[in-house]
2 protein chains.
Amino acid sequence: MENTVTIKDVAARAGVSVGTASRVLSGSTSTSAASREQVRAAAAELGYRPDARARALRSARSHAVALLVSDVRNPFFADIAHGAEQAALASSYVTLLANANEDTVQQDTYLEAFLTQRVDGIIIAPQGEGSGNLRDIEQARLPLVFVDRTVEGFDVPSVTADNAQGVDLALAHLASQGHTRIGFIGGPMAVSTGRARHDAFLRSVARHGLDDDPELIAAGDFRSASGGTAAARLLAARRPPTALLAADSLMAVGALGEVRRQGLRIGRDLALVAFDDIEWFGELDPPITVVAHSARELGETAMRLLLEVIEGRPAESVVLPMELVVRQSSACRQATGEQPSVLLTPGPRPGTA
Amino acid sequence: MENTVTIKDVAARAGVSVGTASRVLSGSTSTSAASREQVRAAAAELGYRPDARARALRSARSHAVALLVSDVRNPFFADIAHGAEQAALASSYVTLLANANEDTVQQDTYLEAFLTQRVDGIIIAPQGEGSGNLRDIEQARLPLVFVDRTVEGFDVPSVTADNAQGVDLALAHLASQGHTRIGFIGGPMAVSTGRARHDAFLRSVARHGLDDDPELIAAGDFRSASGGTAAARLLAARRPPTALLAADSLMAVGALGEVRRQGLRIGRDLALVAFDDIEWFGELDPPITVVAHSARELGETAMRLLLEVIEGRPAESVVLPMELVVRQSSACRQATGEQPSVLLTPGPRPGTA
DNA sequence: TTGTAAGCGTTATCAT
DNA sequence: ATGATAACGCTTACAA
């Protein structure tokens, strides 16, 4: 069973020693044209495929990196994964993609697996506080990069979004439309982006002189169902909001459903702005206004950083700017007598890839 | 750098031989309570983590399986991945998830990687015809399972959906609403599901006595942009359709956008039914009618099959039934004077998990 | 029950 | 330039 052709077989067939065969196959030191040809031919004829495990065992480099996302089913992370994977492939690294499923235990399970698999490095969108395994990784000096989220107390390069800017962009936009009561569907406080967006919301509300009402804040868990629940709670407030800001796309979708069930229509009765642009949002009816950054770029950058760390070069954290993409979901104005101050962009996201 | 604690260190610290240490750690043959305790303690104190590669090299079992999906960014495949991953974890297998990105070349790149990594088995949603690497895998008798899609000429267990049934369910539903001109947004003919759904469409159109017009068929590539293009083409027909059936969810989304851009409204001016249920579809306005099967179950079943093959037990292919979930996107009836014959289910999918 | 040693497929070292 | 041989970290006969 399986491919049991080893380098020994190749060497034998080529009439050289395994040493020479190895040298030819891994293209390292000098070899004669003759043996090069013989070995190549033998390898091809036999369908030889080197054993990555044996190779890694001996040479302490597996050329495999791991990417642990918090939820593969979240298009945002799927895009990150895609970007990272492509970048890895370009440098001929294999990516082992795994899914923590927003669960600390599963996160640890996979970290453990990566540790025992001796991958060359790990990119993670971490959950909660630093788990034991995360500490072990740092202590073992195994190359590690945070993407999208961070954990306090870790001195690890990261690629994140400028969350404060994103929130402010969203609120400035809504404020300019005359909204003063804006409901916030936040993420879990155990996640850095959840905290950052929550804090930024409070600051931004103050800065723009909007209503500062605890009833306008509801927390979710970055999954769609919680977005619906949160929206319901916000809409049931004594003085309900006229606009909603959702801290991620999945919760925005949940909110969408709840709003519809209440017989309201987004973009007419209620404005909605979501974090994270995903392919879909421009296609919906109405298209959804977002504050976003390219998830793909996030993933690519994270992988670039990781490969730098692996090769021993210094890597610096990157904070990507966020961008406001105005679509029709935030088209409804509150009565204040002003003229519209922004240009409506219908359909898919313009310009930026 | 890295965790360089080996079983030798553990053995030394525990005051036993490596043999004994190994036996304790992998819990195989009989060991004395004394040494068990010593070894356990030593391992814990040293933070010992076995090297999976060395272990696999020696024992010809890596406990790692690979899952190659055609597009991670497609929620349908993300769900499959999630299901498969959970099932693997339950049997303490690690899943290496990779993304072919609907690209034959990338598919081959990853298959090559899996081959050299010596995974214990592979689940794949294959592209196009059997590539060279796919043949190699079959010949090497490396455990292989197809999920969602198949490739002709391969004698490999598979888990697929009953596509013909799905199409027929959709058309029967639309026909009962009085529609006779139904536009089909198909998938690529190079993919088995694309072919199956296309053929089923033709048969089903005949069976229900619907308009058989070549202008009512447009092909896409299972990505959202192509859904928009296809919808545009269909709507530009001399006699445009009154209902649309999209062969996957991504293309349905693209169609959604195109329909909106044409100033039409789904569920009022045009009916829409999509293949593959995804969390979102029940939350949209209007909620989308689908023919679906549980992607998660598809993934779980595929992994179950794979593990069976790996353990040497015989595995039989599974065809999962599809189910029609009627929502408001197909609520608009064509004038035929009949009464509605189906119950409208608003909101998220009922019953089935 | 335990220690010793061979071997998994490679690469790296050291002669030649 | 090439051939022998040790070594990577582990499991598993085979003895004891």
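In the text below, chain A, chain B and the rest are named by the order of the sequence lines, each starting its count at 1.
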Chemist: Strictly below 4.0 Å, N to O, side chains only: are Arg40(A) and Glu37(A) in salt-bridge contact?
Modeler: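 Glu37(A) and Arg40(A): not salt-bridged.
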Chemist: So Thr31(B), base contact, sugar-phosphate only, or nothing? Heavy-atom distance under 4.0 Å.
Modeler: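 Counting heavy atoms under 4.0 Å across all strands, the contact made by Thr31(B) is with sugar-phosphate only.
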Chemist: Look at all strands and tell whether Ser22(A) reaches a base, only sugar-phosphate, or nothing, counting heavy atoms closer than 4.0 Å.
Modeler: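 Base, at least one base atom sits under 4.0 Å.
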Chemist: For Arg49(A) and Asn133(B), run side-chain contact (heavy atoms from CB on, under 4.5 Å): C-alpha distance rounded to whole Å, both residues' side-chain angles, the deciding distance at 0.1 Å, then the answer.
Modeler: CA-CA 11 Å; Arg49(A) 246 180 273 267; Asn133(B) 281 342; 3.5 Å; yes
Chemist: Quick one: Arg36(B) CZ to dT2(C) C1', roughly how many Å, whole number?
Modeler: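 For the pair Arg36(B) CZ and dT2(C) C1', the rounded distance is 13 Å.
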Chemist: So Phe146(B) and Phe154(B), would you call those rings parallel, tilted or perpendicular, with 30° and 60° as cut-offs?
Modeler: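 Correct class here is perpendicular.
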Chemist: What I want to check is whether an N or O donor and acceptor connect the side chain of Arg58(A) with the base of dT11(C) at under 3.5 Å.
Modeler: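 A donor-acceptor contact between them is present.
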Chemist: Any salt bridge between Glu102(A) and Arg149(A), counting N to O under 4.0 Å?
Modeler: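 Counted as a salt bridge, because a side-chain N and a carboxylate O are separated by less than 4.0 Å.
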Chemist: Go through it in stages, so that I can follow the logic: the residues are Glu300(B) and Arg296(B), the test is salt bridge (charged side-chain N to carboxylate O under 4.0 Å, His left out), and I'd like the CA-CA distance, side-chain angles, deciding distance and then a yes or no.
Modeler: CA-CA 6 Å; Glu300(B) 286 171 352; Arg296(B) 191 188 166 127; 3.2 Å; yes
Chemist: Go through it in stages, so that I can follow the logic: the residues are His82(A) and Asn101(B), the test is side-chain hydrogen bond (donor to acceptor under 3.5 Å, both in side chains), and I'd like the CA-CA distance, side-chain angles, deciding distance and then a yes or no.
Modeler: CA-CA 8 Å; His82(A) 182 236; Asn101(B) 205 26; 3.1 Å; yes
Chemist: Pick the nucleotide of DNA chain C nearest each of Leu57(B) and Ser32(B); which residue has the one closer to the 5' end?
Modeler: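 Nearer the 5' end of the strand: Ser32(B).
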Chemist: Roughly, in whole Å, what's the span from CZ in Arg53(A) to C1' in dG7(C)?
Modeler: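 In whole Å, dG7(C) C1' and Arg53(A) CZ are 14 Å from each other.
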Chemist: Identify which nucleotide among dT1(C), dG9(C), dT4(C) has an atom closest to any side-chain atom of Ser17(B), counting heavy atoms from C-beta outward.
Modeler: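 In terms of side-chain proximity for Ser17(B), the closest of dT1(C), dG9(C), dT4(C) is dT4(C).
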Chemist: Give the first and the last nucleotide of DNA chain D, reading 5' to 3', that has any atom under 4.0 Å from a heavy atom of chain A.
Modeler: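 Terminal contacting nucleotides, 5' to 3': dA1(D) to dG9(D).
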Chemist: OP1, OP2 of dG3(C) versus side-chain N and O of Thr20(B): anything below 4.0 Å?
Modeler: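 Yes.
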Chemist: Tell me, which of residues 6-16 of chain A have any heavy atom that sits under 4.0 Å from an atom in DNA chain C?
Modeler: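 Per residue number, the list reads Thr6(A), Ile7(A).
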Chemist: Dump the intermediate steps for side-chain contact (heavy atoms from CB on, under 4.5 Å) on Leu96(A) and Leu97(B), then the final yes or no.
Modeler: CA-CA 6 Å; Leu96(A) 315 189; Leu97(B) 176 55; over 6 Å; no
Chemist: Start with the C-alpha distance between Tyr93(B) and Glu85(B), add both sets of side-chain angles, then the distance that settles side-chain hydrogen bond (donor to acceptor under 3.5 Å, both in side chains), and finish with yes or no.
Modeler: CA-CA 9 Å; Tyr93(B) 272 79; Glu85(B) 199 166 34; over 6 Å; no
Chemist: List the steps and the verdict of side-chain contact (heavy atoms from CB on, under 4.5 Å) for Glu308(B) and Met303(B).
Modeler: CA-CA 8 Å; Glu308(B) 273 169 12; Met303(B) 187 58 76; over 6 Å; no
Chemist: At less than 3.5 Å, do the side-chain atoms of Arg23(B) and the base atoms of dG3(C) form a donor-acceptor pair?
Modeler: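 Answer yes: a donor N or O sits under 3.5 Å from an acceptor.
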